[in-house]
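Fair warning: this is a prediction, and the values are worked out from it, not measured in the lab. Naming convention: chains lettered A, B, ... in sequence-line order (proteins, then strands); numbering from 1 in each chain.
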Amino acid sequence: MTSEVFGRTTGCGELRAKDVGHEVSLAGWVHRRRDHGGLIFIDLRDRSGLVQLVFNPAKNPEAHRVADGLRSEFVVAARGLVVARDPAMVNPKLPTGEVEVMPSAVEVLNESLTPPIYVAEATDTPAVDETTRLRYRYLDLRRPRMQRNLILRHQVTMAVRNFLDGHGFVEIETPMLTRSTPEGARDYLVPSRVSPGRFYALPQSPQLFKQMLMVSGFERYFQIVRCFRDEDLRADRQPEFTQIDVEMSFVKQEDVLRLMEDLVAELYAKVLEKKLPRPFPRMTWRQAMADYGSDKPDLRFGMKLIDLTEAVRESGFRVFAEAAAGGGQVKAVVAPGAASFSRKDIDGLTEFVKTYGAKGLAWMAFEAAPAAGQGATAPATGGPGAAPEVRSPIAKFFSPEALADLRIRLGAGPGDLALFVADKPAVVAAALGALRLELGRRLNLIDREADRFLWVTDFPMFEYSQEEDRWVAMHHPFTSVRDEGLPLLKTDPGAVRAVAYDLVQNGIELGGGSIRIHRRDVQERVFDALGLSPEEAREKFGFLLEAFEYGTPPHGGIAFGLDRMIMLMAGAETIRDVIAFPKTTSASDLLTGAPSEVSGRQLSELGLAAKGDQG
RNA sequence: GGAGACGUGGUGUAGCUGGUCUAACAUAUGUGCCUGUCACGCACAAGAUCGCGGGUUCGAAUCCCGUCGUCUCCGCCA
């Protein structure tokens, strides 16, 4: 097929008043068609945007005849004159709204079935279900919003490369077919045809390779790299995801944090034209857990957790007193203006905290209007201003003085609702941390325009795994420990702190890293603390231990979750909206149908047999 | 591994305390009319047996069980 018309000179969305009088050739998709019987208007769309084509049967009957047959998402080429619109007909909503094109010739390059997705979205077009979007992803990606997201992603990765290149970093690729290692997430395995019964693993991260590159003397490495983890998915977790992976030699924690903060600030400045407040605040892990019940606090609103363990130690409410006596905690959050919550609302919150392991939720509502002598209320005196009545099932366990004291500690004013959890510290943190976020959302306390970054530092080196009945590395086993922790490796692993840090944005973990161990003896002691025998250590990580004996520089680094970073920059709800071809929560690809069965011949070549569902 | 929500014309929803549901609305689609629209308008038409399987019942989109799929959360994710 030879085209008379095809031969593009401009993008549709680029036309402006200055182009008036020029003859242009355009190509794109029919975004919308408005047929007035005589005149036909076509919004022609390409990556650059939209422009209106006007077909006038009186001026060009042949072009009008072709336009009559055009439908949504047809691919067409058009050539014609750019003309200025009459001032009354300018469309201020379109960048190209001052002009339109009067085609002298149009050609259909390809037709389209009626699409199952509304590419030309409007306020009255129904939102399409994600299943359909994923099945027809190529159409979904035509939507301007998705095009924006992926172009934003491109701009960010370009800016990352530019920044890191400018700071002496070298981008080096590392293997996708590598060795399975113990610790960490479940590996995706790839069978070896040449070595039947043996498997490669897809990398969970290039951790060991980037450390090897430091041993090799590259000093500053980075990579925008795919990582794979065979774990259950979430809105912000995909089985394959992309990291901005960075490693540097001869650095301390401070050097890494400062440079990476520069990087993030530059991305926001260059790509979003937003100036971030500097420096990013910092908080220790301990402080984050105490104040927010989370190692990734959302700083866009307050509602810190309040520790009342000491205040209620002697109280008559046994649930509180026993938790305090048994080494647990009693903590609370105060939901501003939530005293009006119904019993049903609070029951719902109780169910909510139970999913985090809490056994219950105690509450006190501080009424806005004082009213004397009601059943389950008691006067709370001594606070500033008018003393509000307390409505609470547990008020009867406290004297008026104790209630007044509690109210001051809570900082609760009239109309506020305090919610208490008493349990082991880990449960209290999980339940109240999640409850704080839920209430923050529900009460509209979160400033959706804000971008609040935070460095969380001084993570514990180990956490105890009930399941495995041993200590496991919180970050990874190659993380260095603070000097004062070295003697504790044997005696009190739970007290050892790591030189590890996370960058958190709006309650989402954007990235994390550490200063690594670079001495064999220290690495061996950490392996030992993890319950890895010297034999196992040599078998699994012998190459690392060996490398440490050939002049390994002190080094450290960080890895950012690129998908999450773009999600936040794009204002998307899920990383699926910033990944061209994502997978569902059951890790399948609705477009291609992966994962699929394979032929018996493929399996036998690999020395494998499929067991199917039987397991 | 566990919990919850959802599944109805091409698309998105309503209906779901069982029977005039012979399934409604919006949008999309088709046809006709319309020379200045830009979420064009008006009229008409076509289009779903209600994810799948089983059960209860005289009767099931509606109730029950199972199953599949999607989403959210807990566990998990060094």
- Query: Is any side-chain N of the basic residue among A:Lys540 and A:Glu183 closer than 4.0 Å to the acidic one's carboxylate O?
  - Reply: no

- Task: Find the partner of B:U11: check Watson-Crick (N1-N3 plus N6-O4 or O6-N4) and G-U wobble (N1-O2, O6-N3) distances, both under 3.5 Å, and reply none if neither fits.
- Result: B:A26

- Using the test ring pair (Phe, Tyr, Trp, His ring centres under 6.0 Å), find all partners of A:Trp29 that sit at least two apart in sequence or belong to another chain. none

- Mate of B:G47 where both pairing distances stay under 3.5 Å, Watson-Crick or G-U: none

- Using atom C1' of each nucleotide, how far apart are B:C65 and B:C77 to the nearest Å? 34 Å

- Item | B:C77 - base-pair partner by Watson-Crick or wobble geometry, distances under 3.5 Å | none

- When you check the gap from the basic side-chain N to the acidic O, do A:Asp68 and A:Arg33 get nearer than 4.0 Å? yes

- Going by the salt bridge (charged side-chain N to carboxylate O under 4.0 Å, His left out) test, which pairs reach into residues 555-565 of chain A, not counting sequence neighbours? A:Arg153-A:Asp563, A:Asp236-A:Arg564

- Message: Nearest whole Å is fine: how far is B:U35 C1' from A:Met89 CE?
- Response: 10 Å

- Query: Base, sugar-phosphate alone, or nothing: which one does A:Glu100 contact when heavy atoms must sit under 4.0 Å apart?
  - Reply: base

- Message: Any carboxylate oxygen within less than 4.0 angstrom of a Lys/Arg side-chain nitrogen, looking at A:Arg16 and A:Asp19?
- Response: no

- Item | Separation of B:A39 P from A:Asp124 CG (nearest whole Å) | 10 Å

- Using Watson-Crick or G-U wobble geometry with both distances below 3.5 Å, tell me the partner of B:C71, or none. B:G4

- Task: Quick one: look up who B:C63 pairs with, Watson-Crick or G-U, both distances under 3.5 Å, and put none if it's unpaired.
- Result: B:G55

- Message: Nearest whole Å is fine: how far is B:A39 C1' from A:Phe41 CZ?
- Response: 15 Å

Polar-atom pairs under 3.5 Å, protein N or O versus N or O of nucleotides 5-8 of chain B: list them with distances, or write none.
none

- Message: What's the gap between B:C25 and B:G36 when it is taken at their C1' atoms, as a whole Å value?
- Response: 31 Å

- Item | Ion pair A:Glu240/A:Arg229, N-O distance below 4.0 Å | no

- Item | A:Phe527: partners by ring pair (Phe, Tyr, Trp, His ring centres under 6.0 Å), with sequence neighbours left out | A:Phe541

- Task: Apply salt bridge (charged side-chain N to carboxylate O under 4.0 Å, His left out) to A:Arg234 and list each qualifying residue two or more places apart in sequence or on a separate chain.
- Result: none

- Item | Rounded P spacing from B:U31 to B:U49 in Å | 24 Å

- For A:Phe199, what residues pass the ring pair (Phe, Tyr, Trp, His ring centres under 6.0 Å) criterion, not counting sequence neighbours? none

- Item | Per-nucleotide protein contact string for nucleotides 67-74 of chain B, where B marks a base within reach and S marks sugar-phosphate only (heavy atoms under 4.0 Å, - for neither) | ---SBSSB

- Message: Would you measure the distance from the C1' atom in B:A26 across to the matching atom in B:A14 and give it in whole Å?
- Response: 10 Å

- Between A:Arg576 (side chain) and A:Lys583 (backbone), is there a donor-acceptor pair under 3.5 Å? no

- Could you give the CG-to-P distance, from A:Asp140 to B:U11, as a whole number of Å? 14 Å

- Query: Rounding to the closest angstrom, what is the interatomic distance between B:A46 and B:A24 at atom P?
  - Reply: 12 Å

- Task: Please state the P separation for the pair B:A28 and B:C38 - nearest whole angstrom.
- Result: 13 Å

- Please state the P separation for the pair B:U20 and B:G59 - nearest whole angstrom. 15 Å

- Are any side-chain N or O atoms of A:Asn506 and backbone N or O atoms of A:Asp298, one a donor and one an acceptor, separated by less than 3.5 Å? no

- Examine A:Phe548 together with A:His518 and report whether their ring centres are nearer than 6.0 Å. no

- Task: Identify the heavy atoms of A:Tyr221 and A:Met214 that sit nearest to each other, and give their distance.
- Result: CB-CE, 3.7 Å

- Task: Calculate the interatomic distance between A:Leu113 atom CG and B:G30 atom P; express it in whole Å.
- Result: 12 Å

- A:Ser294 side chain to A:Gly433 backbone, donor-acceptor under 3.5 Å: no

- Query: With A:Asp502, which residues qualify under side chain to side chain donor-acceptor pair (under 3.5 Å), at least two apart?
  - Reply: none

- Message: Would the base of B:G75 count as contacting A:Gln466 through its side chain, where contact means a donor and an acceptor less than 3.5 Å apart?
- Response: no

- Please report, rounded to the nearest Å, how far the C1' atom of B:U29 is from the CG atom of A:Leu70. 16 Å

- For atom P, what is the distance between B:G41 and B:A48, given to the nearest Å? 26 Å

- Message: Less than 4.0 angstrom between a side-chain N/O of A:Thr125 and OP1 or OP2 of B:G12, yes or no?
- Response: no

- Between B:A28 atom P and A:Leu139 atom CG, what is the distance in whole Å? 17 Å

- Note on the structure: Quick note, salt bridge (charged side-chain N to carboxylate O under 4.0 Å, His left out) partners involving residues 422-440 of chain A, not counting sequence neighbours, are A:Lys359-A:Asp423, A:Glu438-A:Arg441, A:Glu438-A:Arg442

- Query: For RNA chain B, what residues of residues 26-40 of chain A have any heavy atom nearer than 4.0 Å?
  - Reply: A:Arg32, A:Arg34, A:Asp35, A:His36, A:Gly37, A:Gly38, A:Leu39

- Query: How is A:Arg85 classified with respect to the nucleic acid when contacts are heavy atoms under 4.0 Å: base, sugar-phosphate, or nothing?
  - Reply: base

- Task: Give me the residues of residues 47-61 of chain A where at least one heavy atom lies under 4.0 Å from an atom of RNA chain B, by number, or none.
- Result: A:Gln52, A:Asn56, A:Ala58

- May I ask you to say what A:Ser205 touches in the nucleic acid, namely base, sugar-phosphate or nothing, with a heavy-atom cut-off under 4.0 Å? base

- Would you please test A:Arg143 and A:Glu121 for salt bridge (charged side-chain N to carboxylate O under 4.0 Å, His left out) and show each step? CA-CA 8 Å; A:Arg143 291 162 54 226; A:Glu121 285 178 293; 3.2 Å; yes

- Let me know the distance between CG of A:Asp68 and C1' of B:U37, rounded to the nearest Å. 16 Å

- Which parts of residues 116-123 of chain A get close to RNA chain B, meaning a heavy atom less than 4.0 angstrom away? A:Pro116, A:Tyr118, A:Ala122, A:Thr123

- Query: Given that A:Arg71 and A:Val128 both sit by RNA chain B, which one's nearest nucleotide is further toward the 5' end?
  - Reply: A:Val128

- Item | salt_bridge(A:Glu98, A:Arg85) N-O dist < 4.0 Å | no

- By nearest-nucleotide position on RNA chain B, the 5'-leaning member of A:Asn91 and A:Met474 is A:Asn91

- Message: Check this for me, if you would: do A:Arg45 and A:Glu73 make a salt bridge, where the nitrogen-to-carboxylate-oxygen distance has to be below 4.0 angstrom?
- Response: yes

